[in-house]
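Worksheet for the structure shown next.
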Number of protein chains: 2
Amino acid sequence: MNELICTVDLVLLTLKDDGLKVALLKRDHDPFKGVLSLPGGYIHADEDADARDAALRVLRVKTGIESPYLEQLATFSGSARDPRGWSISVAYYALVSADVIERASHPDVQLLSVDRPLNLPFDHRQIVETAVARLRSISQYSSLPCHLLGETFTLPQLQRVYETLMGEALNKVSFRRKIFEMGMLEAIAGKFGASGAHRPAQLYRLKPELRERLTLLQRGL
Amino acid sequence: MNELICTVDLVLLTLKDDGLKVALLKRDHDPFKGVLSLPGGYIHADEDADARDAALRVLRVKTGIESPYLEQLATFSGSARDPRGWSISVAYYALVSADVIERASHPDVQLLSVDRPLNLPFDHRQIVETAVARLRSISQYSSLPCHLLGETFTLPQLQRVYETLMGEALNKVSFRRKIFEMGMLEAIAGKFGASGAHRPAQLYRLKPELRERLTLLQRGL
DNA sequence: TGAATAGTGTCTTTTAGACAATATCTA
DNA sequence: TAGATATTGTCTAAAAGACACTATTCA
């Protein structure tokens with residue numbers, strides 16, 4: 001039997017300046033040493049219980065981020081994708097608020113917009129495109145976008161996140177009906193200050209029991 | 001670096017006797033020699049261009065089935081799932097009509113209902129459950145179930161397939177509206193005979209350009 | 001008080017579902 | 001022609017969207 005290269009790759013996504021960004025790092029080693037690419041690394045059979053564990057380890061070591069919302073995306077494989085040989089990479093996507101990336105403040109992390117074509121090594125461009133398509137698709141009928149915001153947020157903030165992801169304006173009344181129908185939020189007694197000369201918005205947070213799993217909508221937003 | 005066991009596993013699904021079945025085989029080798037399990041096998045770096053290729057090869061060799069509708073499901077990995085060591089398995093699911101399985105007529109293939117708990121080695125039960133959940137979920141808003149029927153079929157047949165997968169009766173008028181809205185079918189000038197003493201149903205087939213990719217519905221059935 | 005955004009009430013439009021009438025076959 | 005299922009027309013109910021009104025804050 002042949003020895004295959006087994007790795008994980010991470011698509012770490014966040015919102016900044018009203019746009020979706022992907023976190024990239026300069027590669028430490030050849031091939032493509034010094035080139036911006038997805039954070040990734042070999043699976044370590046001796047320390048990772050499974051591929052998800054490897055993904056969390058890679059994210060922690062390479063970006064300093066500890067417990068993001070993380071899901072398996074897909075597995076990319078073949079003889080053509082890595083010059084070193086036949087390889088298999090289990091890709092994960094993680095969603096965090098821009099705050100979390102700033103607090104980790106890893107000097108090497110660069111955030112690039114996913115809206116213009118990315119020039120990346122291996123098949124990383126395809127991996128990013130798959131992740132963004134998945135995020136946009138699932139956002140249409142789930143609570144997934146909440147994870148791009150911080151611990152607490154207002155409904156107008158949340159609506160802007162959904163609108164950014166879906167690329168279209170949403171009806172305010174319908175949006176609120178749907179979000180409440182999902183029943184994923186709990187109001188926090190307290191208000192939002194940073195607004196300015198207008199009525200402040202109610203603060204909400206994800207119900208703690210829903211931090212790890214998504215809430216789904218029957219019909220979409 | 002450690003050597004990992006790299007395999008593919010196949011969840012081959014079909015409809016028979018109005019129920020969803022999964023195709024299983026008795027294992028040729030240890031571990032679990034002689035036990036019913038998912039068709040699977042090692043990735044062969046020297047002959048498989050990628051994992052999908054490996055999945056198609058395994059399916060062809062082990063079941064005689066040539067070109068099914070095939071999608072990547074997820075990757076299952078870790079030190080706990082295989083007694084031989086740390087392993088990684090890229091799982092695919094395939095949908096075929098019962099006809100296709102019969103025509104391949106591989107003597108070892110056994111079809112078991114997915115509706116009662118399956119007792120399978122490794123983490124194959126979890127893989128099957130994931131595949132069935134994925135199929136049922138995607139069926140709510142796509143043309144996926146068409147692939148469980150043969151080349152041609154009637155709308156009443158198709159509705160029964162959707163109803164079996166979704167586990168509920170569907171409104172006939174709405175179902176037809178939605179299916180036509182998807183625009184995935186083309187009528188065949190000719191009628192359906194096997195019916196009996198009543199008006200025969202119009203035959204349809206998937207538009208040829210949609211044999212490989214799904215048609216999606218904005219709102220679900 | 002006026003400007004700005006948050007939150008709500010309600011009417012209209014769109015979509016889904018119920019029901020029944022018509023169509024077409026076999027025995 | 002009776003009986004069975006396919007197909008279609010149309011009315012009703014539910015969901016989504018448009019729009020405007022009220023609420024609350026700061027300058």
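Every chain is numbered from 1, with letters handed out A, B, ... down the list of sequences. The figures that follow rest on heavy atoms only: side chains count, while hydrogens, waters and symmetry mates do not.
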Side chain of [X], heavy atoms from C-beta onward: which of [options] has the nearest atom to it?
X         : options                   : result
Val173(A) : dT10(C), dA16(D), dT25(D) : dT10(C)
Pro200(A) : dT7(D), dT24(D), dA16(C)  : dT24(D)
His198(A) : dA6(C), dG17(D), dA15(D)  : dA6(C)
Pro156(A) : dG17(C), dA15(D), dG7(C)  : dG7(C)
Ala201(B) : dT7(D), dT24(C), dG17(C)  : dT7(D)

Is there a donor and acceptor pair, one atom on the side chain of [X] and one on the base of [N], closer than 3.5 Å?
X         : N       : result
Arg199(B) : dG3(D)  : no
Asn171(A) : dA18(D) : yes
Lys172(A) : dG7(C)  : yes

Report the distance from atom [atom1] of [X] to atom [atom2] of [N], rounded to the nearest whole Å.
X         : N       : atom1 : atom2 : value
Ile179(A) : dA15(D) : CD1   : C1'   : 16 Å
Tyr204(B) : dA6(D)  : OH    : P     : 12 Å
Gln140(A) : dA16(D) : CD    : C1'   : 16 Å
Leu170(A) : dA18(D) : CG    : P     : 10 Å
Arg177(B) : dC19(C) : CZ    : C1'   : 13 Å
Glu168(A) : dA18(D) : CD    : C1'   : 16 Å
Met166(B) : dA16(C) : CE    : P     : 12 Å

If you assign each of Leu155(A) and Ala197(A) to its closest nucleotide in DNA chain C, which residue comes earlier from the 5' end? Ala197(A)

Closest to the 5' end of DNA chain C, once Arg219(B) and Arg160(A) are matched to their nearest nucleotides, is Arg160(A)

Are Ser77(B) and Asp50(A) linked by a side-chain donor-acceptor pair shorter than 3.5 Å? no

Taking the ring of Phe76(A) and the ring of Phe122(A), is the distance between their centroids below 6.0 Å? no

Centroid-centroid distance, Phe153(B) to Tyr204(B), less than 6.0 Å: no

Take the angle between the ring planes of His147(B) and Tyr69(B) and call it parallel below 30°, perpendicular above 60°, tilted in between. parallel

Are Arg176(A) and dG7(C) close enough that a side-chain N or O sits under 4.0 Å from OP1 or OP2? yes

Picking from Leu158(B), Leu210(B), Ile138(B), Leu214(B), what satisfies side-chain contact (heavy atoms from CB on, under 4.5 Å) with Ser143(B)? Leu214(B)

